[in-house]
Amino acid sequence: MTLNNNEFPWTPALLQWFEVNQRPMPWRQTSTPYYRWLSEIMLQQTRVDTVIPYFHRFVERFPRVEHLAEASEDEVLKLWEGLGYYSRARNLLKAARVMVAEHQGTFPATEKEALALPGIGPYSAAAVLSMAYGVPLPSVDGNVLRVYARLTALAENVLEPATVKRVQGALKTAMPQHRPGDFNEAMMELGAVICLPVSPLCQNCPIQDHCEAHRQHRVEQLPLRIKKDRTTRHHYLVMYLQNAAGTCVAAQKNPPSGLLGGLWAFPMMEVTADHEDMKALPALAAKEAVARWQITLQQPEAVGRLRHVFSHRHWTMWVVSAVSEELPPACEWLPHAELSVKAFPEVYQKVMRLMDERAASI
DNA sequence: AATGCGGGGGC
DNA sequence: GCCCCAGCATT
């Protein structure tokens, strides 16, 4: 065993606290590399409580990485539906196929090979390698940055990549070499249940005596998170377009990358004005459908307004239903039953729910 | 270094 | 509304 003379004085108290207080999680029961990898991908920018039901569905459908590697992207996206950041699902499938083809169906054991996998960055590589194989690399996520910034009263913007790198370096040299996975999980667990972003529970903190921010009464002011507001606002007309027989709805599969890539969508037209006058919507939709799509709408009706917030953009959607025998570009007719089979992101699930509500009220 | 990329929970 | 969440890929 490698002794680490630079070890943090608070490490033993942290590990002891973690042993007693860690929350049970499905990927902690049987800690296979596959479970650890899958859970870490799902947990990127996503809360534990949100992930758990998705994790159960995935391991039930794909008990081993070999099963996942043989799946279609459509099936993986359907299972991922609603979890967000869909490039994670696309990269998950790619990485599974790499593991089967090049790594004997398991997660590679070196940092270099791990980082070469699609969807694996410094955080996830360190997390999986430390927890599955005991490789002493620090997994630095938002929790760890917050805990470390407070412990050391770090006055740097933790959203700067350079700051993250410095924290990674500091933790790498001082983290325990014998239980790196427990250390990483303990840091994250402390950030998740004690060292909270707002109103942290310092009275319950096992390493409060070692916290410089607490000593300085600056816990609430740290960490520094300075970011620019990049949100943009967009307005759309969303068409719920059915054929004359009423059996199908017009929809399209998004391009394979980009926003909501590979998922399904209803045809939309971006509009500049804010349409406070619902009565003018049907005529506007019909006019724009001719101008942009060269198709004629019958019985256009205003259904309602929806709002959806992404992390970087705000959508206002005016939903219009109509009948047509013609399809907007790149669209196809989906039988109604297919709407629950194809992967639709939350924003279009809202459209479907709105249509269901209208049907129920008529 | 900056930007794009979901959705939800807590306040 | 705002903040933040077990971040990564691309440019």
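Computed from a predicted model, the values in this text were never measured in an experiment. Convention: sequence-line order gives letters A, B, ...; per-chain numbering from 1.
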Separation of [N] [atom2] from [X] [atom1] (nearest whole Å):
| X | N | atom1 | atom2 | result |
| --- | --- | --- | --- | --- |
| A:Asn254 | B:dC5 | CG | C1' | 13 Å |
| A:Lys228 | B:dT3 | NZ | C1' | 10 Å |
| A:Tyr54 | C:dC5 | OH | C1' | 15 Å |
| A:Glu81 | B:dG7 | CD | C1' | 13 Å |
| A:Leu79 | B:dG6 | CG | C1' | 17 Å |
| A:Met42 | B:dC5 | CE | P | 22 Å |
| A:Leu259 | B:dG6 | CG | C1' | 8 Å |
| A:Lys227 | B:dC5 | NZ | C1' | 14 Å |

Does OP1 or OP2 of [N] have a side-chain N or O of [X] closer than 4.0 Å?
| X | N | value |
| --- | --- | --- |
| A:His312 | B:dG4 | no |
| A:Arg47 | B:dG8 | no |
| A:His308 | B:dG7 | yes |
| A:Arg88 | B:dG7 | no |
| A:Arg313 | B:dC5 | yes |

Under 4.0 Å between any heavy atoms, over every strand shown, what does [X] touch: base, sugar-phosphate, or nothing? Just pick one.
| X | answer |
| --- | --- |
| A:Met25 | base |
| A:Val198 | nothing |
| A:Gly82 | sugar-phosphate |
| A:Arg90 | nothing |

Counting only distance, no hydrogens or angles, is the base of B:dG6 paired donor-acceptor with the side chain of A:Ser311 under 3.5 Å?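 Side chain to base: pair found, below 3.5 Å.
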Taking atom [atom1] in both [N] and [M], compute the distance separating them and give it to the nearest angstrom.
| N | M | atom1 | value |
| --- | --- | --- | --- |
| C:dC8 | B:dG8 | P | 22 Å |
| C:dT11 | B:dG6 | P | 16 Å |
| B:dC5 | C:dC4 | C1' | 16 Å |

Please tell me which of the listed nucleotides, C:dC4, B:dA1, C:dA6, lies nearest to the side chain of A:Pro197?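 Of the candidates, C:dC4 comes closest.
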Requested in this report: Choose from C:dC4, B:dA1, B:dA2 the nucleotide whose nearest atom is closest to any side-chain atom of A:Arg230.
Outcome: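 Output: B:dA2.
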On the 0 to 90° scale, with breaks at 30° and 60°, tag the A:Tyr35-A:Phe55 ring pair as parallel, tilted or perpendicular.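 A:Tyr35 vs A:Phe55 ring planes: perpendicular.
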Distance only, no hydrogens: is a donor on one side chain within 3.5 Å (strictly under) of an acceptor on the other, for [X] and [Y]?
| X | Y | value |
| --- | --- | --- |
| A:Thr110 | A:Glu113 | yes |
| A:Glu346 | A:His308 | no |
| A:Ser130 | A:Asn184 | yes |

Next item on the list: May I ask you to decide whether A:Arg90 forms a salt bridge with A:Glu73, counting only side-chain N to carboxylate O separations under 4.0 Å?
Entry: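 Salt bridge absent between A:Arg90 and A:Glu73.
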Can you confirm if the aromatic rings of [Y] and [X] lie within a centre distance of less than 6.0 Å?
| X | Y | result |
| --- | --- | --- |
| A:Phe266 | A:Phe344 | yes |
| A:Trp80 | A:Tyr54 | no |
| A:Trp315 | A:Tyr236 | yes |
| A:Phe18 | A:Phe183 | no |

Provide a list of protein-nucleic acid N or O atom pairs under 3.5 angstrom, restricted to nucleotides 7-11 of chain C.
unit_1: C:dG7; atom_1: OP1; unit_2: A:Gly142; atom_2: N; d: 3.2
unit_1: C:dG7; atom_1: OP2; unit_2: A:Gln45; atom_2: N; d: 2.6
unit_1: C:dG7; atom_1: OP2; unit_2: A:Gln45; atom_2: NE2; d: 3.3
unit_1: C:dG7; atom_1: O5'; unit_2: A:Gln45; atom_2: N; d: 3.3
unit_1: C:dC8; atom_1: OP1; unit_2: A:Gly121; atom_2: N; d: 2.9
unit_1: C:dC8; atom_1: OP1; unit_2: A:Gly121; atom_2: O; d: 3.3
unit_1: C:dC8; atom_1: OP1; unit_2: A:Ser124; atom_2: N; d: 2.8
unit_1: C:dC8; atom_1: OP1; unit_2: A:Ser124; atom_2: OG; d: 2.8
unit_1: C:dC8; atom_1: OP2; unit_2: A:Tyr123; atom_2: N; d: 3.3
unit_1: C:dA9; atom_1: OP1; unit_2: A:Gly119; atom_2: N; d: 2.5
unit_1: C:dA9; atom_1: OP1; unit_2: A:Ile120; atom_2: N; d: 3.4

Checklist line | Base-pairing assignment for C:dT11 (Watson-Crick or G-U wobble, both under 3.5 Å) | finding: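 Pair assignment: C:dT11 / B:dA1.
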- Message: If you assign A:Ala162 and A:Phe344 each to the DNA chain B nucleotide with the nearest heavy atom, which residue ends up on the more 5' nucleotide?
- Response: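 Looking at the nearest nucleotide for each, A:Ala162 comes out on the 5' side.
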